[in-house]
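Note that the structure is predicted; figures quoted are calculated from it, not measured.
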Amino acid sequence: MSAQAPANASAAAPAAAPAASARKVALLLPPQSGPLARAVEAVREGVSVAQAAAGQPIEIHSIDVDEQPQALMRALRAARERGAEVVIGPLLRPQVNAVLKSDPGVPLITLSLPDGDAEAPTDVLAFGLGIETEARWLAQAAVTEAASTPTAPGVSPSAAQTAAGAARFVILVGEGPLARRTAAALQSELQAAGERATASNLAAGYDALQQLADHLFKLAPRAIFLALDAREAAMIRPRLAHDAALYATSQVNAGGAEGALLMPELEGIRFVDTPWLVEPDHPAVMAYARPAPPLSADLNRLYALGIDAFRLALEWANGWREFSVDGVTGALRVDRARGVRVERTPAFAVFRDGKVQRWDTPPGERPAR
C-alpha cells in the first residue's frame, strides 16, 4: 500500500513506551432483527475479520441505526460520546445522503455511495459497491475493444456495413430496479464516450428469446451489455453467437452451487466483480479468513465490503488525505482533494470453459494495482 502521511504525523513511539490503549471504532448498521439481518451480519463479520488481522488493539462499538430520520444523528452523537476515532457506516443510501448534508463531527467511512456529493463534509469518505462504478469500467473496456477490432466478433463485413449508422452497442435489460439502474448507468457512460446504445428488454419464453436473438443478429452490434442476473444471462447466451462480445456486471456471477451449474451457459461473458470472488489467489484476498459457513455471492461481497471499510477507516482516522489500498473489493484510491468518493477499480474476469478466469482488459484501461 502506498500513502501520503499528514503533515502533523507524530514520530514512532520509543520501544520503552507503555502499550497504547485500544483504538475505538464505531460501526453504524441497521438492527440485526430487521429485513436486512443477513446483509448486516455479513458486513459485521467482514469488519470483525479485518479487526482480527489488524495486529493492534482495536475496540469496535456497534450502534444500531434504524430508518427514522433522528436515529442517525443520535447514533453519531453516541459514537462521539464513546470516544470513537472513526465511524464506519451507515449502510442505507438515504442515511448516507443525510450524512453528506450534516456534520458528523468525527472521521467517517460510509458503506454505500450517495446520490450526490457536492457539499460533502471534509471528514467523510463515501465507499460502496455501486453498480455505476462497474458500468463505468465495462463501458470503457468495451469502447476500447471495439476500437481495436475491425468488425465485431462473429459479424461478417457485409453485416457490419448493413448496420452502418446504427448504434454500435446494445443493452439487454432484465427485470427489476437493479437492472434498470445498470442499463441507465451504461447508457450514461457510453454517451459520455461519444457512443450510442439501444436498449432491449429481455422477455422469457422460447419464442420471445429467439426473436430477440434474431433481432440482435440483424443489428450486428459491436458489443452487447447484459444488464441481467445470472439466470437471465444463461437464458439468452446460448442463442447468441459463440464469439459475440458480451459484457456484464457482477450480477452475472451467482457463485456457489448455482453459479457452477450456470457457468457453462455463460461462456465468453466478460464481467467485473470483487477480487474476493474472482481472484482467490490474490495476496490481499488470502490475508483474510473466509466466512463459515460459506455465504452467497451477494453476501460475500458485503463481507468483503466490511473488510475494506475497516482498512480504509484506520487510514482515514490517521489523518491521511491521499492513499491507496489493495483491497478485496478492488484497487482502492482515496484523494479527498479531488472528491469524497473512494475510487474502486474492480477485478476483471471472463467465463471460459466452465470456469471463472482473469480477463486481460485492453491496454491502458485498467490502472496498475
Side-chain angles (χ1 to χ4, degrees), residues 25 27-55 58-65 88-92 109 111-112 127-131 134 176 178 228-234 248-266 271-313 325-330 332 344 346-347 349 351 354-358:
V25 176
L27 179 60
L28 275 54
L29 289 172
Q32 288 185 266
S33 58
L36 296 175
R38 296 183 67 191
V40 169
E41 183 59 23
V43 173
R44 193 184 304 277
E45 288 181 3
V47 170
S48 179
V49 76
Q51 174 194 19
I58 299 172
E59 295 178 4
I60 297 180
H61 299 277
S62 295
I63 302 174
D64 287 349
V65 184
I88 301 173
L91 177 64
L92 302 180
I109 303 281
L111 289 167
S112 184
F127 177 53
L129 304 178
I131 206 72
E134 297 185 0
L178 184 58
L228 310 172
D229 62 25
R231 293 183 183 181
E232 293 169 329
T249 69
S250 60
Q251 292 304 299
V252 80
N253 184 26
E258 181 181 19
L261 289 173
L262 293 174
M263 216 171 286
E265 304 297 319
L266 304 175
F271 66 100
V272 293
D273 207 334
T274 62
W276 185 255
L277 284 176
V278 300
E279 294 185 354
D281 58 346
H282 190 284
V285 172
M286 295 173 68
Y288 298 97
R290 289 279 167 174
L295 301 175
S296 68
D298 283 341
L299 291 178
N300 254 301
R301 293 183 187 103
L302 291 172
Y303 183 91
L305 176 72
I307 293 174
D308 277 354
F310 182 87
R311 297 172 69 195
L312 288 167
V325 172
D326 196 8
V328 298
T329 60
L332 307 177
R344 181 177 71 94
F351 293 112
K355 300 178 181 179
V356 172
Q357 299 184 17
R358 286 184 176 85

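Between Gly128 and Leu305, the shortest heavy-atom contact is CA-CD1, 4.1 Å. Here the closest non-hydrogen pair linking Arg44 and Ser62 is NH1-OG, 2.7 Å. Of all heavy-atom pairs between Met263 and Phe351, the closest is CG-CD2, 3.3 Å. Summarising the geometry of Leu262 relative to Ala230, their closest heavy-atom pair is CD1-CB, 3.7 Å, with the distance given to 0.1 Å. Nearest approach of Ala309 to Phe127, heavy atoms of both residues: N-CE2, 3.7 Å. Looking at every heavy atom in both residues, Val356 comes nearest to Ala349 through CG1-CB, 3.8 Å.
Remark: side-chain polar atoms of Glu279 are not paired, donor with acceptor, to backbone N or O of Val285 under 3.5 angstrom. Listed for the Glu232 side chain is a donor-acceptor partner under 3.5 Å among the backbone atoms of Asp229. Counting only distance, with no hydrogens or angles, the side chain of Glu134 and the backbone of Ser250 share a donor-acceptor pair below 3.5 Å.
Counting heavy atoms from C-beta on, the side chains of Leu111 and Leu29 come closer than 4.5 Å. At a threshold of 4.5 Å between non-hydrogen side-chain atoms, the residues Asn253 and Arg301 count as touching. Contact of the Arg290 side chain with the Leu295 side chain is not registered, since no non-hydrogen atoms from C-beta on lie closer than 4.5 Å. With contacts defined as side-chain heavy-atom distances shorter than 4.5 Å, the pair Thr274/Val328 does not qualify. Counting heavy atoms from C-beta outward, Glu41 and Leu299 have side chains that stay 4.5 Å or more apart. Between Ser112 and Leu92 the shortest side-chain heavy-atom distance does not fall below 4.5 Å. Between Arg231 and Glu258 the shortest side-chain heavy-atom distance falls below 4.5 Å. Between Leu266 and Phe271, the closest side-chain pair of non-hydrogen atoms is not below 4.5 Å.
Taking CD from Gln32 and CG from Asp64, the interatomic distance works out to 7.0 Å, rounded to the nearest 0.5 Å. Interatomic distance, Asp326 CG to Asp308 CG, rounded to the nearest 0.5 Å: 9.0 Å. In this structure, Gln51 CD and Ile307 CD1 are separated by 12.5 Å, a value rounded to the nearest 0.5 Å. In this structure, the separation between CD1 on Ile109 and CG on Leu27 is 12.5 Å, given to the nearest 0.5 Å.
Aromatic ring pairs are classed by plane angle as parallel below 30°, tilted from 30° to 60° and perpendicular above 60°; the pair Tyr303 and Trp276 is tilted.
Side-chain contact, Arg344 with Thr329: no donor N or O sits under 3.5 Å from an acceptor N or O.
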Verdict with supporting geometry, Asp281 and Arg358, salt bridge (Lys or Arg N to Asp or Glu O under 4.0 Å): CA-CA 11 Å; Asp281 58 346; Arg358 286 184 176 85; 2.8 Å; yes
